[in-house]
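Only heavy atoms go into these numbers, but all of them, side chains included; no hydrogens, no water, no symmetry mates. Lettering of chains follows the sequences in order, A, B, ..., and the numbering in each one begins at 1.
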Number of protein chains: 2
Amino acid sequence: MSNTRLLPSQSASSPPPQDKPAGAPRRASMQQIFRAAEHLFGRDGYKGTSMAAIAAGAGLPKANIHYYFGTKEDLYRAVLENILVDWLDDATLWIREDLTPREGLEGYIRAKIAFSRDRPDASRIFAHEVLQGAPHINQFLGTSLRIHVQNLDKIFTAWQRAGLMRPIPTTHLMFCIWSMTQTYADMNAQIVAVLGTPTLETQDYEDAAATITALVLGGCQLPAH
Amino acid sequence: MSNTRLLPSQSASSPPPQDKPAGAPRRASMQQIFRAAEHLFGRDGYKGTSMAAIAAGAGLPKANIHYYFGTKEDLYRAVLENILVDWLDDATLWIREDLTPREGLEGYIRAKIAFSRDRPDASRIFAHEVLQGAPHINQFLGTSLRIHVQNLDKIFTAWQRAGLMRPIPTTHLMFCIWSMTQTYADMNAQIVAVLGTPTLETQDYEDAAATITALVLGGCQLPAH
DNA sequence: GTCTATATAGCGATAGAC
DNA sequence: GTCTATCGCTATATAGAC
């Protein structure tokens, strides 16, 4: 639950006493609601998730959710915002000019695969949101994310000028890396069905990371090792 | 509207007089409903789409949809099935042992990008469905699609044995190609926002195909030209 | 702060006039 | 075959007891 302002708070109605003294029981209840909401929004999307289902998942009466978070939309925005913060972090950590393209891309891909493994619900909420045309985060995509990508492109350009990397369109490279790594969370049902396993295991994620790394490094014309 | 049986018809209730003589007005109405449904299910998903919205999109009263297609779920399954048929086609056309890996993969990637450009709604319906855990097509994924992929793997293995292709995990290669090509339909909102264009143009799809091809051919250690 | 009980709106589906 | 009117249900949201 971060305080960063990535999304405009656009609930016109009066939100309940939020960001207040925060007693221990309050914190615990909000946390439970938050966890249940992330899981259910991730599986069924915004419209597919009912407040009753979230309440049941959190082990609380329905009214408490409204007391803490106001409307369903308010709760959804809070969950979304929480996700966006974590989403941006990995890139700035790994795509840096003081690393080689191989180090950076390999680390970034592993971080993104780890995100799909450890927080699949977060990835799915983001996917649901964008799939519907990103009604809640259009501004974020056009500003914060756009600038974020422009900064990454600068690093890539520097690498390419230094002859460390083949001159491929780096914005599209990012789209490709995002889609390949996130597909292991978002399209999980398809992947386990095709592989014939009940769930993805450590080895599967290793294979995924290795394959994606091979494609990206190979496409950038960097030897795999 | 195909007759192929990819999905089990599991509506217990009595469906209205379907697959009947089919007069011209009937055909026209059903077509309009079908088009509106594909568009709206693609944007808002199954639960996010109301029968009233489909009726409005088709320019018909709500009751007519029920008359032609029975329940909302029946209509959805009909739309889904229609999509699955087209979805499988491209691979069998391009991944063939009598082609070189470069020809096959290049052609397949271009066909998949064309699908994202020409039938984005179809791609999005599939994405929505799988994202929710594939409740309607789990059997299809575990049988038809699984066998489909196993057949593709055989071609890849033959190519790899012949030394035409690097021995990377080819099932994961398929997951990667699917995700990269479909992201241009499914994550369209994100991509146009980052690129700063209102819609994706011919050149954007060209760049996408070129980038994906570079990654795949590079990762398989085949020279790009 | 917490929960029960309920108001209100929109949904899928259908009956029945035409 | 086509459409209007409506039923029954479930959803969000809240009022008010505790």
Side-chain angles (χ1 to χ4, degrees), chain A residues 10-34 36-37 40-41 43-79 128 132 135-136, chain B residues 10-34 36-37 40-41 43-80 132 135-136:
Chain A
Q10 71 179 32
S11 114
S13 62
S14 59
Q18 226 151 338
D19 303 334
K20 272 283 181 62
R26 177 193 187 81
R27 257 199 166 337
S29 289
M30 288 184 78
Q31 196 70 26
Q32 275 176 305
I33 294 168
F34 217 81
L40 291 166
F41 281 138
R43 196 185 57 193
D44 301 328
Y46 179 73
K47 287 209 72 169
T49 304
S50 72
M51 296 295 268
I54 297 174
L60 292 167
K62 219 173 42 166
N64 292 30
I65 303 180
H66 284 105
Y67 177 75
Y68 287 127
F69 288 95
T71 70
K72 181 185 181 184
E73 175 133 356
D74 290 335
L75 171 58
Y76 178 70
R77 295 186 87 89
V79 172
H128 263 120
Q132 293 194 1
H136 299 91
Chain B
Q10 69 180 30
S11 114
S13 62
S14 58
Q18 225 151 339
D19 302 333
K20 273 283 182 61
R26 178 194 187 81
R27 259 198 165 339
S29 289
M30 289 183 78
Q31 196 71 26
Q32 276 176 304
I33 293 168
F34 217 82
L40 290 167
F41 282 138
R43 196 185 56 190
D44 300 329
Y46 179 72
K47 288 209 72 169
T49 304
S50 70
M51 295 296 269
I54 297 174
L60 292 167
K62 219 171 44 165
N64 292 31
I65 304 180
H66 284 105
Y67 177 76
Y68 286 127
F69 287 96
T71 69
K72 180 185 180 182
E73 173 132 358
D74 290 335
L75 171 57
Y76 177 70
R77 296 186 87 90
V79 172
L80 245 187
Q132 292 194 1
H136 299 90

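- For B:Ser50, whose side chain is taken as the heavy atoms from C-beta onward, the closest listed nucleotide among C:dC11, D:dA11, C:dC3 is C:dC11.
- Nearest nucleotide to the B:Met51 side chain, out of C:dT4, C:dA13, D:dT12: C:dA13.
- Taking atom CD of residue B:Gln32 and atom C1' of nucleotide D:dT2, one finds them 14 Å apart after rounding to whole Å.
- Computed from coordinates, the B:Tyr46 OH to C:dC11 C1' distance equals 11 Å when rounded to whole Å.
- Residues B:Lys47 and A:Ser29 each lie close to DNA chain C; by heavy-atom proximity, the contact nearer the 5' end of the strand is made by A:Ser29.
- Nearest to the side-chain atoms of A:Thr71 among the listed nucleotides D:dA13, C:dG12, C:dC3 stands D:dA13.
- One can place CD1 of B:Ile54 at 12 Å from C1' of C:dC11, the figure rounded to the nearest angstrom.
- Between the CZ atom of A:Arg26 and the C1' atom of C:dG1 there is a distance of 9 Å, rounded to whole Å.
- Of the listed nucleotides (D:dC3, C:dG12, D:dA13), D:dC3 has the atom at the smallest distance from the side chain of B:Asn64.
- Here D:dA13 is the nucleotide among D:dA13, D:dT4, C:dA13 with the atom lying nearest to any side-chain atom of A:Lys62.
- Nearest approach of A:Leu40 to A:Thr49, heavy atoms of both residues: O-OG1, 3.1 Å.
- Neither OP1 nor OP2 of C:dG1 sits under 4.0 Å from any side-chain N or O of A:Tyr68.
- Contact annotation: A:Tyr67 reaches the phosphate of C:dG1 (side-chain N/O to OP1 or OP2, under 4.0 Å).
- Atom-to-atom, CD of B:Glu73 to C1' of C:dA13 comes out at 14 Å; the value is rounded to the nearest Å.
- Comparing D:dT2, D:dT4, C:dC3 by their nearest atom to the side chain of B:Ala63 picks out D:dT4.
- Taking the centre and axis of the six-membered ring of A:Phe41, the NZ or CZ atom of A:Lys72 falls outside the cone set by 45° and 6.0 Å.
- Separating the CG atom of A:Leu40 from the C1' atom of D:dT12 is a distance of 16 Å, rounded to the nearest angstrom.
- Between A:Lys72 atom NZ and D:dT14 atom P there is a gap of 14 Å when expressed in whole angstrom units.
- OP1 or OP2 of C:dA13 lies within a sub-4.0 Å distance of a side-chain N or O belonging to B:His66.
- Taking atom CZ of B:Phe69 as the reference point, atom P of C:dT14 lies 16 Å away to the nearest angstrom.
- A distance of 14.5 Å separates CZ of B:Phe69 from CZ of B:Arg77, quoted to the nearest 0.5 Å.
- In terms of heavy atoms, B:Gly48 sits closest to A:Lys47 at CA-CD, 3.7 Å.
- Closest heavy-atom contact between A:Met51 and A:His66: CE-NE2, 3.6 Å.
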